Amino acid sequence: MNDTFKISDHVHRQAAMLANRVKKRFKHLSKRFSRQQIDVFRLYDWDIPEIRAVVDWYGGHLVIGEYMRRQSVPEWLPLMGRAVADTLSVPAERLHLKQRWAGRQDGKRYERIDYTDRKIVLHERDLKFLVNPYDYVDTGLFSDHRDTRQMVREMAAGKDFLNLYCYTASFSCYAAKGGARRTVSVDRSESVIQWAAENMKLNGIDPDRNRLIHAHTFDYLKKAGREGKQFDLAVVDPPSYSTTKVRNESFDIARDHPRLLSAVIALMRPKATLFFSTNHQDFTLGMDRLKVAAVEEITAQTIPEDYRNKRKTIHRCWRITV
């Protein structure tokens with residue numbers, strides 16, 4: 001009985017600490033982001049070592065995740081969630097709790113945790129995106145790349161743009177709004193390609209000049225090579241690991257990224273720009289054998305203020321000039 005009380009008391013103190021930290025962060029960020037029409041931003045990411053949580057704001061919704069380990073107990077995350085929701089006056093129906101597991105997830109990027117099929121429209125600058133905080137660990141918009149998307153938009157005018165592992169095609173929406181001549185977006189998940197089509201329709205983007213292709217990346221690259229397709233601008237942001245059980249294939253970014261980048265570079269025109277990104281936490285870029293004009297790591301320029309973290313780098317990003 002005494003041990004139970006001690007654990008409960010300790011967890012309640014953690015909840016109060018987390019709520020206090022999030023409240024201060026929200027006050028610091030919310031007004032400025034509201035002026036910029038940025039509805040999705042990060043409020044907390046394991047900033048206090050003993051509180052293994054991540055807290056994201058989604059335009060009046062809270063998405064709170066626990067970085068899971070074997071010692072995790074089921075009561076912990078709901079208690080943290082309630083404390084944060086109460087301090088920001090978010091009703092229970094707008095609180096979304098997620099379990100985040102480290103390591104090889106074997107394609108769980110798209111795995112469902114519920115079947116509500118409910119999406120909400122949120123702004124990122126002058127664009128709008130459908131997000132689903134209910135059904136997946138990932139909601140449909142990776143907000144840590146919002147500044148990279150703006151870079152792409154500023155470079156896109158008159159260019160042919162390729163977006164591989166496109167997910168819900170937020171990069172392609174930015175490129176189209178930036179005046180790209182055409183965009184091609186590729187993903188192996190049929191459901192996210194349909195979601196991408198909804199995002200494009202939401203932003204008034206012409207589907208005839210902005211193609212969405214349901215295909216495995218390497219299959220598309222081979223076909224595009226045979227057909228002589230060429231691009232001036234590309235984004236490649238693959239998962240760290242994935243498997244395709246039907247085809248008995250696997251992808252490991254540490255092992256396979258030179259082969260991937262080589263195939264993409266073969267489709268790029270001279271002086272084209274390729275943005276390559278990964279959230280793999282122990283990654284070394286291998287470009288030794290690839291024929292390119294320049295490679296520059298631009299990670300610091302692509303991580304927004306709300307994602308800067310002493311504990312980890314949310315993603316790494318390179319600008320490659322062909």
Side-chain angles (χ1 to χ4, degrees), residues 1-33 39-106 108-109 111-114 116 131-139 141-144 240-241 279-282 303-315:
M1 186 75 176
N2 194 34
D3 286 345
T4 303
F5 172 80
K6 284 180 183 177
I7 292 169
S8 177
D9 189 46
H10 175 64
V11 170
H12 277 90
R13 280 201 306 272
Q14 288 182 335
M17 288 169 62
L18 177 61
N20 186 52
R21 179 68 66 97
V22 168
K23 185 177 182 179
K24 288 179 180 176
R25 191 72 173 150
F26 184 79
K27 186 177 181 182
H28 174 69
L29 294 173
S30 59
K31 287 183 181 178
R32 176 155 39 91
F33 280 155
D39 289 341
V40 182
F41 52 91
R42 180 145 291 180
L43 291 169
Y44 176 92
D45 190 359
W46 201 348
D47 304 332
I48 303 167
E50 65 181 289
I51 303 176
R52 302 167 56 94
V54 57
V55 180
D56 290 316
W57 179 260
Y58 280 81
H61 290 247
L62 279 168
V63 176
I64 303 181
E66 178 184 359
Y67 293 114
M68 301 297 288
R69 53 183 177 169
R70 275 182 287 186
Q71 302 99 304
S72 295
V73 294
E75 299 83 8
W76 190 86
L77 181 57
L79 188 61
M80 299 301 126
R82 282 196 299 274
V84 172
D86 286 349
T87 201
L88 296 181
S89 301
V90 172
E93 63 271 18
R94 290 189 168 197
L95 172 63
H96 312 276
L97 304 179
K98 317 280 185 180
Q99 295 180 341
R100 292 190 169 271
W101 294 93
R104 294 179 182 239
Q105 293 298 291
D106 288 339
K108 290 186 180 178
R109 181 181 190 181
E111 193 172 88
R112 280 181 176 265
I113 54 178
D114 205 346
T116 70
V131 303
N132 181 336
Y134 302 90
D135 294 344
Y136 307 89
V137 172
D138 293 325
T139 61
L141 184 68
F142 293 117
S143 188
D144 61 299
S240 296
Y241 313 99
N279 60 7
H280 192 291
Q281 290 297 300
D282 186 22
I303 298 180
E305 172 192 354
D306 48 316
Y307 283 90
R308 290 174 200 151
N309 188 297
K310 293 177 182 178
R311 179 176 293 275
K312 65 178 181 179
T313 302
I314 187 70
H315 67 245

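In this text the structure is predicted, and so the values were computed from the model without any measurement.
- Residues Val137 and His96 fail the side-chain proximity criterion, which asks for heavy atoms closer than 4.5 Å.
- Not a single salt bridge (Lys or Arg N to Asp or Glu O under 4.0 Å) links Arg308 to another residue, sequence neighbours left out.
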**OP:** Begin from the C-alpha positions of Ile303 and Thr313 and carry the test side-chain contact (heavy atoms from CB on, under 4.5 Å) through to its verdict.
**Re:** CA-CA 9 Å; Ile303 298 180; Thr313 302; 3.6 Å; yes

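- In this structure, the side chains of Asn132 and Thr139 stay at 4.5 Å or more apart for every pair of heavy atoms.
- Listed for the Lys98 side chain is a donor-acceptor partner under 3.5 Å among the backbone atoms of Pro133.
- Listed by first then second residue, pairs satisfying side-chain hydrogen bond (donor to acceptor under 3.5 Å, both in side chains) with a partner in residues 80-92 number zero, not counting sequence neighbours.
- The distance from atom CG of Leu141 to atom CG of Asp39, rounded to the nearest 0.5 Å, is 10.0 Å.
- Across all their heavy atoms, Ala85 and Leu95 have their closest contact at CB-CD2, 4.3 Å.
- In this structure, the side chain of His12 engages the main chain of Ser8 through a donor-acceptor pair within 3.5 Å.
- With sequence neighbours excluded, the residues that form a side chain to side chain donor-acceptor pair (under 3.5 Å) with Arg32 are Glu305.
- Under the 4.5 Å side-chain criterion, counting only non-hydrogen atoms from C-beta, Phe142 is not in contact with Asn279.
- For the pair Ser143 and Pro304, the tightest heavy-atom approach, listed with the atom from each and the gap, is O-CG, 4.1 Å.
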**OP:** Decide yes or no on side-chain contact (heavy atoms from CB on, under 4.5 Å) for Glu66 and Met80, but give the supporting numbers first.
**Re:** CA-CA 9 Å; Glu66 178 184 359; Met80 299 301 126; over 6 Å; no

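- Counting heavy atoms from C-beta outward, Tyr134 and His61 have side chains that approach closer than 4.5 Å.
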**OP:** Walk me through it: do Val90 and Trp57 pass the test side-chain contact (heavy atoms from CB on, under 4.5 Å)?
**Re:** CA-CA 10 Å; Val90 172; Trp57 179 260; 3.7 Å; yes

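- Leu18 contributes atom CG, which lies 15.0 Å from atom CZ of Arg13 (distance to the nearest 0.5 angstrom).
- Residues satisfying the side chain to side chain donor-acceptor pair (under 3.5 Å) criterion with Tyr307, sequence neighbours excluded, are absent altogether.
- With sequence neighbours left out, the side chain to side chain donor-acceptor pair (under 3.5 Å) criterion links His280 to Tyr241.
- Smallest separation of non-hydrogen atoms from Ala19 and Ala83: CB-O, 3.6 Å.
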Can I get a per-line list of side-chain donor-acceptor pairs under 3.5 Å for residues 41-55, giving both atom names and the distance, sequence neighbours left out?
unit_1	atom_1	unit_2	atom_2	d
Arg42	NE	Asp56	OD1	2.7
Arg42	NH1	Asp45	OD2	3.3
Arg42	NH2	Asp56	OD1	3.4
Arg42	NH2	Asp56	OD2	2.9
Tyr44	OH	Asp47	N	3.4
Tyr44	OH	Ile48	N	3.0
Tyr44	OH	Ile48	O	3.4
Tyr44	OH	Ile51	O	2.9
Asp45	OD1	Tyr67	OH	2.6
Trp46	NE1	Pro49	O	2.9
Glu50	OE1	Gln14	NE2	3.1
Arg52	NE	Tyr67	O	3.1
Arg52	NH2	Tyr67	O	3.4

**OP:** Evaluate side-chain contact (heavy atoms from CB on, under 4.5 Å) for Asp306 paired with Phe33, printing each intermediate quantity in order.
**Re:** CA-CA 10 Å; Asp306 48 316; Phe33 280 155; 3.7 Å; yes

